[in-house]
Enquirer: 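Provided herewith is a single structure, encoded as structure tokens, for subsequent inquiry.
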Amino acid sequence: MGSIMEGKARSEVFSLKPYVPGKPVEEVERELGITGVIKLASNENPLGPSPLAVARVQEALKQLNVYPDGACYYLRRALAEHYGFSEDSFLVGNGSDELLRLITETFVGPGDEVLYGVPSFSEYGFMALIMGGVNVEVPLKDMRFDLPSMLDKITDKTKLVYICNPNNPTGTITGRKETDQFMKSLRDDVLVIFDEAYYEYVTDKDYVSGLEYLSQGRNVIVLRTFSKIYGLAGLRIGYGITTPEIAGLVNRVREPFNVNLLAQTAAIGALSDKEHLEKSREVNIQGREFLYREFSRMGLEYVPTEANFIFVDLKTDCRRVFQALLREGVIVRTGDIFGYPTYIRVTIGKPEENQRFIAALERVLQA
Ligand SMILES: *Cc1c(COP(=O)(O)O)cnc(C)c1O
């Protein structure tokens, strides 16, 4: 049964573990027969998309018969203006997930090493395995990327290094001094990818963006996304900022119409909406303070975060709590998939969502 085709699949396929996404609201409501479920599991913006993005999408609906601009010209122009890098420094993808795939397809062949910290975003290793690459995983130290230990793991075969900053699921950043030191010690033919999906939420002054190293002429790619603070996760659009040389290489493996029309036009609107961005940041800071206070009151230890989610230790089996929270109508992410079986990762929501989560968590932990 199925064994004929199984023998035909590339061996790499069997090394893959499927991604575990946050459970969709509709799925939980369907399975449990309840309504009013809230999702604090995928770090989406609780305020929704920018009204400017929505207005542009409505306008663009009339052009659905037309292929999108494969070069994303207007979006790249808007990004170039926003950042002060040239238009040919930008890569646009169907989510930054697609860019991770394209970067890997461009640079990683069988036996090439890809280096990153764990736990972190699981897609780094996933993409490399598809290409027959070898994943070199370095455990976090005090919940942060351990850059000195990562440096020790660099070999002649190292092609890519990922720095997830802030890191998902811990919310931690790498500080300026350690990052500077790491970049100074690293060979220039090793491509460093700074995944800055949560960049816009950072408040710590010690943070350093990969853009600084790009400005210094280093071979880096900075990945950012419209899925998180910009509230466009459902449309799938992310971008990379890099050298025109690297952008040119990655563009060679890109499909001609990889980013759809609605995503391109919504992204331009979202990028221009400073008010929505500021408000989203503010709601996150307030929510963070509230959750810190409540966790402390409940005697729970948490990892201080620079993103829009908190990794918190419940000191009990997270799967049990996860299931009980589902029955309370609250979806979070379990820590076991990250190797922390007593932790959960909870997205910071709107005030009423945070309150509902805390009330539910208290009931569940007391039961
Ligand atoms: C959410 C997330 C992404 C993926 O973003 P998309 O643009 O939606 O594909 C990338 N990296 C990290 C660390 C994330 O948490």
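Numbers here simply count residues along the sequence, with the first being 1. We count ligands from 1, going down the list as the structure has it; atoms in each ligand are counted the same way.
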Enquirer: Can you sort out the partners of D189 under side-chain hydrogen bond (donor to acceptor under 3.5 Å, both in side chains), two or more places apart, ordered by chain and number?
Expert: R187
Enquirer: When the ring centroid of Y116 is compared with that of F145, is the distance short of 6.0 Å?
Expert: no
Enquirer: Might you work through the ring pair (Phe, Tyr, Trp, His ring centres under 6.0 Å) test for Y162 and F121, ending with a clear yes or no?
Expert: CA-CA 10 Å; Y162 286 99; F121 197 50; 9.3 Å; no
Enquirer: Just to verify, what does T203 make a side-chain hydrogen bond (donor to acceptor under 3.5 Å, both in side chains) with, not counting sequence neighbours?
Expert: R288, E306
Enquirer: At less than 4.0 angstrom from any atom of ligand 1, which residues have a non-hydrogen atom? List them by chain and residue number.
Expert: G95, S96, D97, F121, C164, N168, D195, A197, Y198, T225, S227, K228, R236
Enquirer: Please determine if R218 and E212 form a salt bridge, counting it only when a charged side-chain N lies under 4.0 Å from a carboxylate O.
Expert: no
Enquirer: Hydrophobic cluster mates of Y207, side-chain heavy atoms under 4.5 angstrom, ILVMFWY only, any path?
Expert: I173, Y199, V202
